[in-house]
Participant: 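Dumping the structure here so I can ask a few things about it.
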Amino acid sequence: MRYSWRPAVAGPFVAAAVATLLLVAALVGGGDDDAGFLNGKQLRLMAPAGPGGGWDQTAREMQTALREQAGRTEVYNVAGAGGTIGLSQFVRYEGDPTQLMVMGLVMVGAIESNDSPVALDRTTPLARLLTDYEVIVVPADSPVKNVTDLVSAMKDDVGKVSWAGGSAGGIEQILAGLVADAVGADPAEVNYVAHSGGGEALSTLLSGRATAGVSGVSELVGQIRAGTIRPIAVSSPQRLPTLPDVPTLKEQGVDVELANWRGVVAPPGISAADERQLEDLLLRMTRTDAWRETLERRGWLDATLTGDQFEQYIAGERRTVTDVLVKMGLA
């Protein structure tokens, strides 16, 4: 199954040149002293999860990459329920273009599985930024050596194989269900231990309270390199440059691939002009050296998409995710 941005004293020529420079500065943004269309107001960027996870990482990397375009950006965390707690708070900033929120596929699933009263149609979608594949890991001393061992245990008793991951209904739980389905086990019987952030899930795994952990590659690559956990599979169609020695699920006989994605939304009710300016700001951010370096360092893939195409993409993802969650008994 595949789911697959000097005074004018020297004559008219100097005046014209100064005017041109001011126009360019307005178009490209300024820095700490000139926030372009924001008129000096500070951007605030919500990561609707705890510190250390993918949304938090994305928000803080954006903070760095946006500095030249929009000056200092404040990042803050609101954790819980797959981002739906943050979402319910975020929509209260109606009409305020200085407020942004990181979101993605995890939130799409959490809205459905948690029966959230607030959905993404209450926001203003701005841009999809990146994709991040998942990695399945076990403790360094685990008897599970590869996916074959994990699958064997699932076939014996799927409920005895516990998975530690992010919020209920998110991409990690979806991946666990897809693996179960692909090997002939009941997805509804998957023993999934949900957490509000990647750090908590890692603690559960290392404590021995879970058989396997699953999260975005960027969230776990540090612990993998430190040797505290051992990767046994990635959810990408081909091996990843970040983890070149880790085989894909498909290589090991499990016909599953799944890509996470993350994007940015604004509150409801902002003006069309502000929406265009924010989309342009994010597009400029994705073209900066800082953002390109982030993608390479984190192992993220560029997936920039804006405007109506992004809104249509979200609608399609909602349909796909809902189908999977129904099969798992979560929606």
Side-chain angles (χ1 to χ4, degrees), residues 5 27-29 35-38 41-49 53-71 73-75 83 86-87 90-91 93-109 111 119-133 171 216 218 259-296 298-318 321:
W5 163 312
L27 289 172
V28 302
F37 77 98
L38 297 171
K41 295 180 181 177
Q42 185 181 54
L43 277 175
R44 301 185 74 234
L45 181 56
M46 178 195 290
W55 285 337
D56 181 66
Q57 290 179 0
T58 302
R60 296 187 189 280
E61 296 289 5
M62 287 179 64
Q63 183 181 43
T64 298
L66 281 169
R67 189 166 292 130
E68 291 185 3
Q69 282 73 36
T73 300
E74 177 189 353
V75 173
L87 174 63
F90 183 72
V91 296
Y93 295 118
E94 183 168 358
D96 186 351
T98 69
Q99 304 287 339
L100 302 177
M101 181 180 71
V102 178
M103 46 70 74
L105 183 59
V106 171
M107 185 176 287
V108 176
I111 289 169
L120 285 169
D121 59 6
R122 290 280 306 280
T123 68
T124 304
L126 296 176
R128 185 186 67 186
L129 297 176
L130 60 95
T131 56
D132 185 16
Y133 286 101
I171 186 170
S218 62
N260 194 2
W261 58 267
R262 301 189 194 110
V264 182
V265 297
I270 65 171
S271 70
D274 284 341
E275 182 178 356
R276 287 192 300 272
Q277 294 272 28
L278 285 168
E279 289 176 356
D280 289 344
L281 177 68
L282 293 171
L283 283 173
R284 291 200 305 273
M285 182 202 76
T286 65
R287 298 169 186 148
T288 62
D289 291 341
W291 185 250
R292 293 296 176 182
E293 186 275 333
T294 290
L295 296 179
E296 182 175 354
R298 293 285 188 184
W300 296 338
L301 302 178
D302 180 29
T304 305
L305 188 70
T306 60
D308 292 341
Q309 288 181 309
F310 182 41
E311 295 187 25
Q312 293 166 11
Y313 179 80
I314 292 175
E317 289 290 272
R318 179 183 179 184
V321 166

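Note: hydrogens, waters and symmetry copies are ignored here, and every other heavy atom, side chains too, is used. In this chain, residues are counted from 1 in sequence order. A quick note: this is a predicted structure, and the numbers were derived from the prediction, not measured.
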Participant: Are M107 and L87 close enough that some pair of their side-chain heavy atoms sits under 4.5 Å apart?
Facilitator: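 M107 reaches L87 side chain to side chain.
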
Participant: Under the rule for side chain to side chain contact (heavy atoms under 4.5 Å, CB included), what residues qualify as partners of S271, not counting sequence neighbours?
Facilitator: A273, D274

Participant: Heavy atoms, side chains only, cut-off 4.5 Å: are I314 and M103 in contact?
Facilitator: yes

Participant: Taking only residues two or more places apart in sequence, or in another chain, which ones meet T306 in a side-chain hydrogen bond (donor to acceptor under 3.5 Å, both in side chains)?
Facilitator: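 Result, side-chain hydrogen bond (donor to acceptor under 3.5 Å, both in side chains) vs T306: none returned.
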
Participant: Taking salt bridge (Lys or Arg N to Asp or Glu O under 4.0 Å) as the definition, give me every residue that meets it alongside R292, ordered by chain and number, with sequence neighbours left out.
Facilitator: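 If we apply the salt bridge (Lys or Arg N to Asp or Glu O under 4.0 Å) test to R292, skipping adjacent residues, the hits are D302.
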
Participant: Report the residues that fulfil side chain to side chain contact (heavy atoms under 4.5 Å, CB included) with L305, sequence neighbours left out, ordered by chain and then residue number.
Facilitator: R128, Q309, F310, Y313

Participant: Are T288 and E68 close enough that a side-chain donor and a side-chain acceptor fall under 3.5 Å?
Facilitator: no

Participant: Is M62 close to L129 at the side-chain level, that is, under 4.5 Å between some pair of heavy atoms?
Facilitator: yes

Participant: Please report the interatomic distance OG1(T124) to CD1(I270), rounded to the nearest 0.5 Å.
Facilitator: 4.5 Å

Participant: Heavy-atom distance under 4.5 Å between the side chains of P97 and L278, does that happen here?
Facilitator: yes

Participant: Under the salt bridge (Lys or Arg N to Asp or Glu O under 4.0 Å) rule, what pairs show up with a residue in residues 262-272, not counting sequence neighbours?
Facilitator: D132-R262

Participant: Does a donor on one side chain sit under 3.5 Å from an acceptor on the other, for W300 and E61?
Facilitator: no

Participant: Would a 4.5 Å heavy-atom cut-off, applied to side chains only, mark L105 and E317 as touching?
Facilitator: yes

Participant: Tell me, please, which residues at least two apart from E74 pass side-chain hydrogen bond (donor to acceptor under 3.5 Å, both in side chains).
Facilitator: R44

Participant: Can you list everything that forms a side-chain hydrogen bond (donor to acceptor under 3.5 Å, both in side chains) with E311? Sequence neighbours excluded, please.
Facilitator: none

Participant: Applying side chain to side chain contact (heavy atoms under 4.5 Å, CB included), can you list everything that pairs with T98, at least two apart in sequence or on another chain?
Facilitator: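 In terms of side chain to side chain contact (heavy atoms under 4.5 Å, CB included), with neighbours along the sequence ignored, T98 is linked to L38, K41, D96.
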
Participant: According to side-chain hydrogen bond (donor to acceptor under 3.5 Å, both in side chains), who are the partners of N260, at least two apart in sequence or on a separate chain?
Facilitator: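 With sequence neighbours excluded, N260 shows a side-chain hydrogen bond (donor to acceptor under 3.5 Å, both in side chains) to no residue whatsoever.
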
Participant: Looking at residues at least two apart in the chain, or sitting in another chain, which of them share a side chain to side chain contact (heavy atoms under 4.5 Å, CB included) with R318?
Facilitator: V108, E112, T322

Participant: Rounded to the nearest 0.5 Å, what separates atom CG in L301 from atom OG1 in T131?
Facilitator: 4.0 Å

